[in-house]
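Single-structure report; data block below.
Numbering of ligands and ligand atoms starts at 1, following listing order.
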Amino acid sequence: MRSKVVTIDRHIIDQERRHPGASGRFSALLYDIALAAKIISREVNMAGLIDVLGATGDTNVQGERVQKLDAFAQEVIVKAMDHAGHLCCMVSEESGDIIPIPKRFELGNYVLLFDPLDGSSNINVNVSIGTIFSIHHRASPRGVPGALADCLQAGYRQLAAGYVIYGSSTMLVYTTGVEGGVHGFTLDPSIGEFLLSHPRIRIPDPPARIYSVNEAYYARWSRGQQRLVDHFRGVNGEGGGGYKSRYIGSMVSDVHRTLLQGGLFMYPRDTKSPGGKLRMLYEAAPLGLVCAAAGGRASDGSRDVLDIVPEGLHDRTPLYLGSAGLVDLAERYLRRKRAGGFES
Ligand code: AHG
Ligand code: MN
Ligand code: MN
């Protein structure tokens with residue numbers, strides 16, 4: 001039995017108390033996200049028993065097959081978040097354009113950007129999936145509907161970000177930035193509460209020697225990327241070696257492991273996806289902030305992902321995320337023109 005039981009609501013309120021003048025709106029917003037996560041978790045846990053598996057037959061804005069649970073999670077989040085007066089608009093992987101707040105509801109000061117279900121190709125085979133969220137303060141004056149400029153902000157401007165992982169248990173992990181730290185809560189389904197289980201998460205140092213990438217794309221990578229992975233494998237004269245490879249193919253799960261154990265998660269650019277695959281606003285930036293607030297780093301291979309100002313809602317980016325030393329090593333390999341290995 002732990003010495004203190006802290007629900008996510010209590011934790012959010014305690015955190016907000018540290019900021020005199022805070023309106024309480026922001027706490028209420030995080031609370032609503034936790035509520036949506038519980039509803040999605042319940043449905044994910046019932047997959048196989050109720051008719052939620054399989055594709056809807058639609059294709060989303062990214063050209064991907066929409067799964068029934070993608071559509072369900074999208075609907076739950078929109079319906080949980082649109083009426084409380086916190087938001088001026090939303091952005092989702094599953095919607096091409098900005099999701100407006102219906103006219104009958106009050107407009108708020110925040111923008112919510114989210115990936116309703118990440119790793120959806122894994123839904124039907126009972127592998128962990130997740131939800132990713134990012135919150136910005138609006139850039140435009142209050143009182144009018146949110147517009148593109150409110151959504152297209154650099155990652156370092158996020159007020160909060162996090163994810164929910166629907167795994168062997170359901171966890172919600174969030175940060176309000178480096179000062180606030182990263183905190184993980186585990187859902188106790190018997191009481192329907194997220195309880196603080198992982199306070200102040202820090203990526204271990206030294207980290208586990210783990211790299212995480214879809215190696216099937218090796219032939220499509222740049223020479224620098226190939227040599228980086230050669231280094232982890234200890235082949236082709238690149239030195240290094242002694243690493244394990246782990247790749248779930250569900251970014252939230254791969255990042256969650258990286259956060260708790262250390263290592264390097266990569267989704268590089270390749271000849272098929274020259275701009276990378278992962279989306280800046282609701283995948284790379286929020287998970288990048290979580291990682292940075294836990295003492296790690298997130299880079300596109302040459303610069304900090306949190307510094308990039310996206311030009312479109314669904315912009316993609318190459319991504320290197322995890323233990324700071326390993327992200328630095330990746331950048332050195334990608335910069336390198338000449339042969340010869342690096343120490344790590
Ligand atoms: P989503 O299910 O939200 O479209 O995201 C899938 C992403 C991410 O979760 C994962 O890291 C990556 O796609 C896997 O891609 P590959 O199958 O190309 O490795
Ligand atoms: Mn995703
Ligand atoms: Mn998704």
Side-chain angles (χ1 to χ4, degrees), residues 36-37 40 43-44 47 52-56 58-78 90-96 99 112-134 161-167 210-221 225 229 245-259 263-288 290-291 298 300 305 313-322:
I40 297 168
E43 212 72 4
V44 167
V52 289
L53 291 179
T56 60
D58 295 334
T59 303
N60 70 9
V61 57
Q62 332 269 345
E64 299 155 350
R65 280 157 51 104
V66 178
Q67 302 292 317
K68 286 184 195 163
L69 273 172
D70 282 325
F72 175 83
Q74 160 91 352
E75 175 90 0
V76 168
I77 294 173
V78 171
M90 292 181 251
V91 171
S92 163
E93 179 193 340
E94 301 298 337
S95 302
I99 305 170
L112 173 68
L113 308 102
F114 62 98
D115 178 353
L117 264 199
D118 173 70
S120 41
S121 63
N122 285 319
I123 292 172
N124 298 338
V125 291
N126 221 332
V127 167
S128 299
I129 50 182
T131 296
I132 309 171
F133 61 91
S134 159
Y163 61 84
V164 184
I165 179 168
Y166 311 102
I210 296 175
Y211 72 99
S212 181
V213 69
N214 192 334
E215 292 198 52
Y217 305 150
Y218 186 92
R220 299 189 209 149
W221 291 340
Q225 176 64 37
V229 169
S245 155
R246 293 281 184 274
Y247 188 72
I248 299 167
S250 207
M251 183 193 188
V252 165
S253 312
D254 282 313
V255 170
H256 186 64
R257 181 199 57 247
T258 304
L259 203 62
L264 178 65
F265 169 79
M266 300 173 264
Y267 205 110
R269 62 174 86 250
D270 62 36
T271 51
K272 189 173 159 215
S273 311
K277 174 181 182 184
L278 299 173
R279 279 60 55 107
M280 178 61 82
L281 282 174
Y282 42 81
E283 292 181 319
L287 297 183
V290 169
C291 187
D300 74 347
V305 148
L313 296 177
H314 302 287
D315 275 13
R316 295 171 191 266
T317 178
L319 187 63
Y320 298 81
L321 178 155

Step through the shown structure and confirm whether more than 12 heavy atoms of other residues, nucleotides or ligands are within 6.0 Å of CG on N126. no
I'd like to know if E283 contacts ligand 1, where contact means a heavy-atom distance under 4.0 Å to any ligand atom. yes
Assess the residue pair Y247 and N214 against the criterion (side-chain contact (heavy atoms from CB on, under 4.5 Å)); give the C-alpha distance rounded to whole Å, side-chain angles, the decisive distance to 0.1 Å, and a yes or no. CA-CA 7 Å; Y247 188 72; N214 192 334; 3.6 Å; yes
Any N or O on [X] sitting closer than 3.5 Å to an N or O of ligand 1?
| X | value |
| --- | --- |
| M251 | yes |
| F265 | no |
| Y217 | yes |

Residue selection (non-hydrogen contact nearest atom 6 (C) of ligand 1) among V66, N60, D118: D118
Is it the side chain, the backbone, both or neither of [X] that has a heavy atom closer than 4.0 Å to ligand 1?
| X | answer |
| --- | --- |
| R279 | side chain |
| E93 | side chain |
| L117 | backbone |
| D115 | side chain |

Only N/O/S atoms count here: what is the atom of D115 closest to the Mn ion (ligand 3) called? OD1
For L117 and T131, run side-chain contact (heavy atoms from CB on, under 4.5 Å): C-alpha distance rounded to whole Å, both residues' side-chain angles, the deciding distance at 0.1 Å, then the answer. CA-CA 5 Å; L117 264 199; T131 296; 4.2 Å; yes
Numbered in order shown, the ligand 1 atoms found under 4.0 Å of a heavy atom of S250 are 9 (O)
Looking at G249, which atoms of ligand 1 are within less than 4.0 Å of one of its heavy atoms? 9 (O), 10 (C), 14 (C)
Going by the angle between their ring planes, with limits at 30° and 60°, are Y163 and H256 parallel, tilted or perpendicular? perpendicular
If you measure only the distance, is there a donor-acceptor pair under 3.5 Å linking the side chains of E43 and Y166? no
Is there side-chain contact between I40 and V164, with at least one heavy-atom pair below 4.5 Å? no
Should T258 and C291 count as side-chain neighbours, where that means a heavy-atom distance under 4.5 Å? no
Quick check: of its N, O or S atoms, which one does D118 have closest to the Mn ion (ligand 2)? OD1
Here the N/O/S atom of E283 closest to the Mn ion (ligand 2) would be OE2
Heavy-atom nearest neighbour in the protein, as seen from [atom], with distance rounded to 0.1 Å:
| atom | answer |
| --- | --- |
| atom 14 (C) of ligand 1 | Y247 OH, 3.3 Å |
| atom 1 (P) of ligand 1 | G119 N, 3.7 Å |
| atom 15 (O) of ligand 1 | K277 NZ, 3.0 Å |
| atom 18 (O) of ligand 1 | Y267 OH, 2.6 Å |

Can you give the angle L117 O - the Mn ion (ligand 3) - E93 OE1, rounded to 10°? 160°
Using side-chain hydrogen bond (donor to acceptor under 3.5 Å, both in side chains) as the criterion, point out the one residue from Y218, Y217, Y211 that pairs with E215. Y211
Return the minimal non-hydrogen interatomic distance between M251 and D118, and the atom names on each side. N-OD2, 3.1 Å
Before giving the answer on side-chain contact (heavy atoms from CB on, under 4.5 Å), spell out for F265 and S212 the whole-Å C-alpha distance, their side-chain angles and the decisive distance to 0.1 Å. CA-CA 5 Å; F265 169 79; S212 181; 3.7 Å; yes
Residue of the set Q74, E64, H314 for which side-chain contact (heavy atoms from CB on, under 4.5 Å) holds with E93: E64
Run the numbers on I77 and S92 for side-chain contact (heavy atoms from CB on, under 4.5 Å), then give the verdict. CA-CA 10 Å; I77 294 173; S92 163; over 6 Å; no
Look at D70 and state whether any of its N, O or S atoms is less than 2.8 Å from the Mn ion (ligand 3). no
